[in-house]
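Structure, as structure tokens:
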Protein chains: 2
Amino acid sequence: MDTIDVRILSELQKDSRLSIRELAKRINLSAPSVAERVRKLEDKGIIEGYTIKINRKKMGFPIDCFVLITTRNGEHERIRQLVADDPRVELCYRISGDACFIVKLSVETLDQIESFINKLTPYATTRTQIAFSQVRVDADVGRLMFDQN
Amino acid sequence: MDTIDVRILSELQKDSRLSIRELAKRINLSAPSVAERVRKLEDKGIIEGYTIKINRKKMGFPIDCFVLITTRNGEHERIRQLVADDPRVELCYRISGDACFIVKLSVETLDQIESFINKLTPYATTRTQIAFSQVRVDADVGRLMFDQN
DNA sequence: GTTGAAAGACACCATCC
DNA sequence: GGATGGTGTCTTTCAAC
């Protein structure tokens, strides 16, 4: 992982459909060497996949919220499965502190938050926070590596 | 937005580098009509961009945490800017509840969590939770639209 | 890591259903 | 709304350096 790799990642993060040629042009390297670097980044698992950013709001899921889940009686595994099976869950982490999991939901209506919580309440308590606005998404990987503050 | 659009989104979510040809083959439609649908999804802003999933752990940022930020004296704007300028912030939302913002950080060392918090403490109080493991990332958009539970 | 060539895949357009 | 076929461009890949 050197500067060139980071620049490759940064460009692909901005546009994953760049051709190897175009990518090579942007970072002033030949196409074959860029191709090899990209392949290695994939093999190492640093590039986990090529995907699109989907605007869930515009797809009809305008409400985002965070739910902190505190499991009762060690029912972690059950909660984990309920969460992992629900497509409205955008992300979920096991965390330290008094809660056990943090979940981000995106839903069509407030009702769906209620039904999500109801699904969990036999096994856990929950605290829900509605997200008003998004301050930030995904930092540029170039800045992550080079801006030290 | 019909079934076909959702299938297009689902396929592109799995692999954004699919050519229009290949995409058309997978959903049994002709290339020109798929191209037009994709263009419209872009124009509507449902497809926000084409990007890569980067494994931050493998890039040397093994620690994830969530920080709940409670602003003092209405210093919201200052906090917003500090957060938005920091590349280690993966996401940040303004939320309801007793905290004002929730932030997800990914860092190289615990020290960096401390320095992030120190940056904020003149204007806010914080509660930090370390993320142990990731239970779930990004649901398939097909399931989001069609699995109703 | 670079260059150049060859084979193949691609998007796009016009046309038609 | 969707399908087909032709054209010219751009692509990746490979060998040689």
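Quick note on labels: first sequence line is chain A, next is B, and so on, each numbered from 1.
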Self-check item: Donor-acceptor under 3.5 Å (Ser106(B) side chain, Phe61(B) main chain)
Solution: no
Quiz prompt | Base-contact (B) and sugar-phosphate-only (S) positions in nucleotides 3-17 of chain D, heavy-atom cut-off under 4.0 Å, - elsewhere | solution = BB------BB-B---
Quiz item: Which pair of non-hydrogen atoms, one from Ala124(B) and one from Ile69(B), has the smallest distance, and what is that distance?
Solution: CB-CG2, 3.6 Å
Quiz item: Has the side chain of Gln112(A) got a donor or acceptor atom that lies under 3.5 Å from a matching backbone atom of Glu108(A)?
Solution: yes
Quiz item: Counting only N and O atoms by type, is there a donor-acceptor contact under 3.5 Å from the side chain of Arg94(A) to the main-chain atoms of Arg80(A)?
Solution: no
Quiz item: Side chains of Thr51(B) and Ser16(A): donor-acceptor distance under 3.5 Å anywhere?
Solution: no
Quiz item: Ignoring hydrogens and geometry, is there a side-chain-to-backbone donor-acceptor pair from Arg37(A) to Ile4(A) under 3.5 Å?
Solution: no
Practice problem: Select base, sugar-phosphate, or nothing to describe what Glu36(A) touches, counting heavy atoms under 4.0 Å on all strands. | Solution: nothing
Exercise. Taking only heavy atoms on the protein side, list every residue of residues 1-14 of chain B lying under 4.0 Å from any atom of DNA chain C, sorted numerically.
Key: none
Practice problem: Give one of base, sugar-phosphate or nothing for Arg37(B), where a contact means two heavy atoms less than 4.0 Å apart. | Solution: sugar-phosphate
Quiz item: Between Met145(B) and Met1(B), which heavy-atom pair has the shortest distance, and what is it?
Solution: CE-CE, 4.1 Å
Quiz item: For residues Tyr50(A) and Gln13(B), is any side-chain donor paired with an opposing acceptor at under 3.5 Å?
Solution: no
Exercise. Send over the distance from Lys25(B) NZ to dC10(C) P, rounded to a whole Å.
Key: 7 Å
Exercise. Measure across Asp85(A) and Arg143(B) and return the closest heavy-atom pair with its distance rounded to 0.1 Å.
Key: O-NH2, 2.6 Å
Quiz item: Only one of Thr126(A), Val107(A), Val103(A) clears side chain to side chain contact (heavy atoms under 4.5 Å, CB included) with Phe116(A); which?
Solution: Val103(A)
Every protein N/O lying under 3.5 Å from an N/O of nucleotides 15-17 of chain C:
none

